[in-house]
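Worksheet: one structure, shown below.
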Amino acid sequence: MALIVKKFGGTSVGSVERIEAVADKIIASRSNGDDIVVVVSAMSGETNRLIALAEKIQEQPSPRELDVLVSTGEQVTVALLAMALHKRGCGARSFTGSQVRILTDSAHTRARIQEIDSQRIKDELDQGHVVVVAGFQGVDGDGNITTLGRGGSDTSAVALAAALDADECQIYTDVKGVYTTDPRVVEDARLLRTITFEEMLELASLGAKVLQIRSVEFAGKYKVPLRVLSSFEDDPGTLITLEDNTEMEAPIISGIAFTRDEAKVTVSGVPDVPGVAYQVLGPVSDAGIEVDVIVQNVSADGTTDITFTVKRQDSEQTRKLVTAVAQQVGARDVSVDNRIAKVSLVGVGMRSHAGIASQMFKTLADESINIQIITTSEIKISVVIEEKYLELAVRSLHSAFGLGEETALAG
Ligand code: ASP
Ligand code: MG
């Protein structure tokens, strides 16, 4: 007998009919005697609807009150799901985050889980109940309702699985699992049966939005086996695992991630003296702007160029901040390019295989795609290219590295 935590996202509980379908699914999976803890999100669109209501009253509502408001979305779905289980003769009890005691810090709207009291849930399971817990929410030490940030139910589920020492945490969603790349861009993108936590973290942080990044970090840290699967299909989906060195045939490349929402900022002709990188980037980070890729080249004539990327929505503010600094330090020019995209190859197999980077660059060269920036980590190679070539780049890399259905079957 196993203990499984199952999390159902907003689309999976988007209507009463779907909630009833989730209840059927839970009952089917209980037939082998497993204990089940369920975590649910709010009905799809509900969190946005609640936030919009708040913003009609106040542009910047109090974060504490926002948490009181948005946490109601999940309170609705836990109760409805418990009812749907009762209707099917299954013992079930719903709980809010504060009832379970998912203790968090007090950072409203982006709280972090500190501790979970698993005893209450264990007692309910011992009585044969399915335990249904509201995702996304917790309570701070003073009894205030908190929420974990958008998409936070994934993190609730993983944290509960860790606290309960569950055998698996299953995240049910509206896609079949994790793919080699976005199937909307590459038709023969292949569903991955397994992927390591490290790879999943890279893919998630690079824009593959299947899981909240924090939930993957959490699962890796606490070694919770995590599975992503579809609510609407009968398929085992993708299992996210710890790296397994014994696996001989591990693929070199697991996936290709990409983002279009970045902008490239270049400050050229910066005097090459100690402290300039800090002078240029300090004000950007002080403004709370997230900087991604950073490159600085060698200096030939006593000056250097610093190039970095930021979220596209931050590019105008960044331009202003950096232009001011450029004048102070006597840099030659600041330019901002919003028409860029970043494409990344991700795979733990890169560690033991040379030549992946050059194969990537050759593939792009064969398509006459110019590479503007290259960065690498142990399990990732990223390039920044002109946005209009993004789809071509992803497709040609996907086929060059044999990631598709066809190639995989043939090989
Ligand atoms: N309902 C919350 C949101 O929309 C939490 C979640 O869905 O995971 O962000
Ligand atoms: Mg979600």
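Because the structure is predicted, anything quoted here is derived from the model rather than measured. Read the numbers this way: they start at 1 and go in the same order the structure lists the ligands and their atoms.
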Inter- and intrachain pairs under ring pair (Phe, Tyr, Trp, His ring centres under 6.0 Å), touching residues 39-73, at least two apart: none

Between Lys7 and Gln170: side-chain donor-acceptor atoms closer than 3.5 Å: no

Contact check: Thr47 vs ligand 1, nitrogen or oxygen atoms, below 3.5 angstrom: yes

Distance filter under 4.0 Å to Gly151 heavy atoms, resulting ligand 1 atoms: 3 (C), 5 (C), 6 (C), 8 (O), 9 (O)

Donor + acceptor pair across side chains of Gln75, Thr96 (<3.5 Å): no

Element-labelled atoms of ligand 1 that are located less than 4.0 Å from some non-hydrogen atom of Arg150: 3 (C), 4 (O), 9 (O)

Polar contact flag, side-chain donor to acceptor under 3.5 angstrom, Asp123-Gln127: no

Non-hydrogen atom of Gly135 closer than 4.0 Å to ligand 1: no

Polar atom proximity, Asp154 to ligand 1 (N or O, under 3.5 Å): no

All side-chain hydrogen bond (donor to acceptor under 3.5 Å, both in side chains) counterparts of Arg339, not counting sequence neighbours: none

Heavy-atom proximity to atom 1 (N) of ligand 1, best of Glu74, Glu46, Gln212: Glu74

